[in-house]
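First comes the structure, then the notes that go with it.
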Amino acid sequence: MAEHLKGIAASDGIATAKAYLLVQPDLSFNKKTVDDPSKEINRLKQALNQSNDELKVIRAKAAESLGEEEAQVFDAHMMILADPDFTGQIESKIKDEKVNAEQAVKEVSEFFIQTFEGMTDNPYMQERAADVRDVTKRIMAHLLGRTLPNPALIDEEVIIVAHDLTPSDTAQLNKKYVKAFVTDIGGRTAHSAIMARSLEIPAVVGTDDVTKKTQNGELISVDGLTGEVVIDPSTDEITKFKQAAEAFAKQKAEWAQLKTAKSVTADGKHFDVAANIGTPKDLDGVLANGAEGIGLYRTEFLYMDSSELPTEDDQFEAYKKVLETMNPKPVVVRTMDIGGDKHLPYLPLPQEQNPFLGYRAIRISLDRQDIFRTQLRALLRASAFGNLRIMFPMIATISEFKQAKQIFTEEKEKLVKDGVKVSDNIQLGIMIEIPAAAVLADQFAKYVDFFSIGTNDLIQYSMAADRGNEHVSYLYQPYNPSILRLVKHVIDSAHKEGKWAGMCGEAAGDPIMVPLLLGMGLDEYSMSATSVLKVRSLMKRLSTEDMAKMADVALNENISNDENADLVKKTTGQ
């Protein structure tokens, strides 16, 4: 019988397919003393062989869907399985201590992991700790008879069902086969949801318990427009979802007619509608939707999709491809924003009570200047191939910006001295996502070339509410007058100094927020590529003069998020 769930509509689209449970199995076990160590060693060898065979298949699939470079991480995993020092120590522990294979694998792997992590003077060897963890998990799964989910092996149309998806999980989804995903937790601003919109994969998040109610291989229907999920739908319900998908496809076809049009309001005012991307692979969606530039290139995915720090040349090639493809349209590149909920297995970060308030983004870059300078050199070299703008994330003070700019200037001077061609027209800006920077925007505007408002973090920091916590999700209030006043102050401060202000947070593509932003005079709107045509269509129906009057009421008369949402709906007829 069909089970109906309601979640948060996180990425537009509708799909019906088999469920693929991306849930980690229970790998717990008890330590045992064994009478026959040779039997345990045979179990170990069988698990090693099964792991190796599995990795060969995964590697081949990864090379096909992700590329040869990304697939090379699995070579390192197979090398560990074939390492006589690693496997020999496990066998010796089984023989000498007469323990079960699981216990021997656990103790030896922990020794190797601690050894690698302790090599603080050798980053390459430190990075091997993550490889040992992955390999150990695979061996343990085979010893215990558990199945590890592996998206790289998917070769049929499925809908991913998971408790949550990490950004790296989402980045590896092959949209040829993955038709949608559904999660227990999360919200529209979670990175997995943002990536889903970039990949144009329908998504519903925050269903609470979809993983407990869904069986692997069970048919499931997902509506990323309404947040509706149906497990084991009836024939009539499948038909209903199919009709909704056809209606959505028709709407998209109408929007597609605006692909080559300018983003102009009803009273003839032009605004830039740009797209957010995570990797060069997202460019197809940007071009297909006629974006007027890239307003946010999240470079951290270059780091997250690699088994080690990406080299200067690796980064240069990625940035060059994006700049060349978009030239002469502007490309705003955000420097590495690692930390918070984005971690690198090969770059150990301190354990923090509040990682979103801790060591992340520009704070890491200014501390680890070796990483920062490598990225800036790659960007500077790529600047000769397009219209580059660089944006520093999580700036809280003017001195942080000045320090980042000084490092940029030093690397530019070195390259010019070496005869490397770089652009002389690179704008340097900052993300406005910390309330302190928003409040001081009038002073920041004297030093930067532009602002780009990151609403996701600006809202969570202003409201003191973790955007990923479903218990306080009601405080994610983009239309709250307090948030709108910060945004208006940033826009006005930029304009006073002759600078431009954009928005690259999710609110820039929100049909309720866009009319308010038009009324406040925001210059550039950057969003998931799939929202570009929808927003362009909306702008054509709005007058900036009318929106300015409406925004004045929202800023100075209304007192709540809901009141402002209702005001926009009533004024614009949404």
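Here the structure is a predicted model, which is why all the values come from computation and not from measurement.
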So, R536 side chain and L258 main chain: donor-acceptor pair closer than 3.5 Å or not? yes
Applying side-chain hydrogen bond (donor to acceptor under 3.5 Å, both in side chains) as the test, list every pair that has at least one member in residues 395-406; sequence neighbours left out. T397-S399, Q406-E410
Atom OH in Y461, atom CG in L486: separation rounded to 0.5 Å? 14.5 Å
In terms of ring plane angle, is the pair F271 and Y525 parallel, tilted or perpendicular, where the classes change at 30° and 60°? perpendicular
If you round to the nearest 0.5 Å, how far is CE of M503 from CE of M520? 6.5 Å
Can you confirm whether more than 12 heavy atoms, excluding those of K329, are under 6.0 Å from its NZ atom? yes
Side-chain donor or acceptor of K412 paired with backbone N/O of L380 under 3.5 Å: no
Find the distance between CG (L366) and OG1 (T335) and round it off to the nearest 0.5 Å. 8.5 Å
E254: what forms a side chain to side chain donor-acceptor pair (under 3.5 Å) with it, not counting sequence neighbours? none
Could you tell me which residues satisfy side chain to side chain contact (heavy atoms under 4.5 Å, CB included) with K252, sequence neighbours excluded, listed by chain and number? E200, F248, W255
D449: side chain to side chain donor-acceptor pair (under 3.5 Å) partners, not counting sequence neighbours: none
Taking the side chain as every heavy atom from C-beta outward, state whether Q315 and Y303 have any pair of such atoms under 4.5 Å apart. yes
Determine whether Q375 and T299 satisfy the following criterion, side-chain hydrogen bond (donor to acceptor under 3.5 Å, both in side chains), listing intermediate values before the conclusion. CA-CA 9 Å; Q375 180 171 33; T299 59; 2.9 Å; yes
Sequence neighbours excluded, which residues qualify as side chain to side chain contact (heavy atoms under 4.5 Å, CB included) partners of A291? A275, V286, V532
Tell me, with the steps shown, if V182 and V222 meet side-chain contact (heavy atoms from CB on, under 4.5 Å). CA-CA 8 Å; V182 191; V222 174; 3.3 Å; yes
Looking at CG of L484 and CG of L516, how far apart are the two atoms once the value is rounded to the nearest 0.5 Å? 5.5 Å
Restricting to side chain to side chain contact (heavy atoms under 4.5 Å, CB included), what partner residues turn up for A17, sequence neighbours left out? I159
With sequence neighbours excluded, tell me which residues meet side chain to side chain donor-acceptor pair (under 3.5 Å) with K414. E411
With sequence neighbours left out, which residue pairs that include part of residues 354-365 fulfil the salt bridge (Lys or Arg N to Asp or Glu O under 4.0 Å) condition? D337-R360, R360-D457
Kindly state each residue pair satisfying salt bridge (Lys or Arg N to Asp or Glu O under 4.0 Å) with at least one member in residues 255-275, sequence neighbours excluded. none
Under 3.5 Å, is there a donor-acceptor pair between the side chain of D223 and the main chain of L225? yes
Check: C504 main-chain N/O paired with N276 side-chain donor or acceptor under 3.5 Å: yes
Note: E300-R334 ion pair, threshold 4.0 Å (strictly below): yes
List the residues meeting salt bridge (charged side-chain N to carboxylate O under 4.0 Å, His left out) with D546, not counting sequence neighbours, and say none if there are none. none
Can you check whether S493 reaches F444 side chain to side chain, under 4.5 Å on heavy atoms? no
Is D492 salt-bridged to K488, cutoff N-O under 4.0 Å? yes
For the CD atom on E246, are there more than 12 heavy atoms of other groups (residues, nucleotides or ligands in this structure) within a distance under 6.0 Å? yes
Could you work out, with side chain to side chain contact (heavy atoms under 4.5 Å, CB included) as the rule, every residue matching F316, not counting sequence neighbours? K320, A378, R381, A382, F385
Can you list everything that forms a side chain to side chain donor-acceptor pair (under 3.5 Å) with Y359? Sequence neighbours excluded, please. D367
